[in-house]
Amino acid sequence: MPAFRPRTLLLGLVLLASSLSEGSAGTWLSIAVTDGFATREAIGAVAYGTFVASMTVVRFLGTGLVDRLGRVTVVRASGVSAFVGLAVFALAPSLATAWIGIVLWGVGAALVNPVTIAAASDEPLHAAARVSVVTSFSTIAMLTAPPVLGALVDGLGARHALGLITLATVLSMSLAGQLRPRAPGAPSSDGLAR
């Protein structure tokens, strides 16, 4: 089936990793700030607002960045930003330093989802089926991440548990080559006509 070709499944893994990063911030970032730095809940809410604001700004700039740099470069740069941001946030000695990590994490989380979905829809004939398969990976991440991270939070603490998402960003960066635009009807990486 065209929707289940290897490239489509690899794009799904890229989207899974990205959705894990973005979705975990929505569920755990405020709690991690509040518990990790013994601060008020309002500060945790502002921290999440900072993450969302960072993502929003980069998404507004996204089309120009992708046009200028290309999908693969943008996704790899996004992965580096998310990796560094998550690591800084997880290991920061102070809230001020963690805030830098939150901004970098938000910047890194901004473009991978839309760029990956665009890559899944390269060939109009099978675009709907492929986008459905790829976005299923996002749904899996959104449903499984909160309870899995919740189990890790008990042993590691929220900040350090979120730091483990750096592994997902490495996966996303390593598969970024799959996002190269493909001409309609061109052979895919598995040698089959797309």
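Quantities reported herein were computed from a predicted structural model and do not represent experimental measurements.
- Contacts classified as salt bridge (Lys or Arg N to Asp or Glu O under 4.0 Å) and involving residues 29-51 (residues at least two apart or in different chains) are not found.
- Between the CD1 atom of I102 and the CZ atom of F89 there is a distance of 5.0 Å, given to the nearest 0.5 Å.
- Here R76 pairs with nothing under the salt bridge (Lys or Arg N to Asp or Glu O under 4.0 Å) rule; sequence neighbours left out.
- When the side chains of ILVMFWY residues are joined at heavy-atom separations under 4.5 Å, either directly or via intervening members, L65 and V57 end up in a single hydrophobic cluster.
- Remark: I140 engages L16, T144 in a side chain to side chain contact (heavy atoms under 4.5 Å, CB included) (not counting sequence neighbours).
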Output a table of donor-acceptor pairs, distance under 3.5 Å, between side-chain atoms of residues 20-34 and any protein atom two or more places apart or on a different chain; print 'none' if there are none.
unit_1, atom_1, unit_2, atom_2, d
S21, OG, W105, NE1, 2.9
E22, OE1, R59, NH2, 3.4
E22, OE1, N113, ND2, 3.3
S24, OG, L20, O, 2.6
T27, OG1, G23, O, 3.3
S30, OG, G44, O, 2.9
T34, OG1, S30, O, 2.9

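- The two residues A120 and V131 make their nearest non-hydrogen contact at CB-CG2, 4.1 Å.
- Looking at every heavy atom in both residues, L111 comes nearest to S78 through CB-OG, 4.3 Å.
- Residue pairs meeting the side-chain hydrogen bond (donor to acceptor under 3.5 Å, both in side chains) criterion with at least one member in residues 95-104, sequence neighbours excluded, are T50-W99, S94-T97.
- Hydrophobic clustering, defined by side-chain heavy atoms of Ile, Leu, Val, Met, Phe, Trp and Tyr closer than 4.5 Å, groups V88 together with V80, F83, V84, I100, L104, V170, M173.
- Distance check: L175 CG to L15 CG gives 12.0 Å after rounding to the nearest 0.5 Å.
- Residues satisfying the side chain to side chain contact (heavy atoms under 4.5 Å, CB included) test with L164, not counting sequence neighbours, are L152, L156.
- Across all non-hydrogen atoms, the minimal contact from S121 to A118 is OG-O, 2.9 Å.
- Looking at residues two or more places apart in sequence or on another chain, you find a side-chain hydrogen bond (donor to acceptor under 3.5 Å, both in side chains) between S19 and S138.
- Listed by first and then second residue, the salt bridge (Lys or Arg N to Asp or Glu O under 4.0 Å) pairs that reach into residues 160-178 come to none, sequence neighbours excluded.
- When hydrophobic clusters are built by joining Ile, Leu, Val, Met, Phe, Trp and Tyr residues whose side-chain heavy atoms come closer than 4.5 Å, directly or via intermediates, L10 is grouped together with V74.
- In this structure, R68 CZ and T63 OG1 are separated by 11.0 Å, a value rounded to the nearest 0.5 Å.
- Cluster membership check: L171 does not share its hydrophobic cluster with M142, using side-chain heavy-atom separations under 4.5 Å among Ile, Leu, Val, Met, Phe, Trp and Tyr.
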- request: I would like to know whether I165 and L149 meet side-chain contact (heavy atoms from CB on, under 4.5 Å); could you show each step before the answer?
  value: CA-CA 10 Å; I165 298 170; L149 282 171; 4.1 Å; yes

query: So R130 and R7, side-chain contact (heavy atoms from CB on, under 4.5 Å) or not? Walk me through it.
result: CA-CA 10 Å; R130 289 183 176 156; R7 178 178 183 252; 5.7 Å; no

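- The main-chain N or O of V72 is never found under 3.5 Å from a side-chain atom of R180 such that the two would form a donor-acceptor pair.
- Side-chain heavy atoms closer than 4.5 Å link hydrophobic residues (I, L, V, M, F, W, Y) into clusters, and following such links, possibly through other members, connects L69 to L61.
- Between A82 and T169 the shortest heavy-atom distance is CB-CG2, 3.8 Å.
- Atom CG of L9 sits about 5.0 Å away from atom CZ of F137, to the nearest 0.5 Å.
- By the side chain to side chain contact (heavy atoms under 4.5 Å, CB included) test, S172 pairs with V14, A17, V75, V112, sequence neighbours left out.
- Linking Ile, Leu, Val, Met, Phe, Trp and Tyr whenever their side-chain heavy atoms come within less than 4.5 Å puts I117 and V58 in one cluster.
- Residue pairs meeting the salt bridge (Lys or Arg N to Asp or Glu O under 4.0 Å) criterion with at least one partner in residues 135-161, sequence neighbours excluded, do not occur; the list is empty.
- The salt bridge (Lys or Arg N to Asp or Glu O under 4.0 Å) analysis of residues 97-114, with sequence neighbours excluded, yields no pairs.
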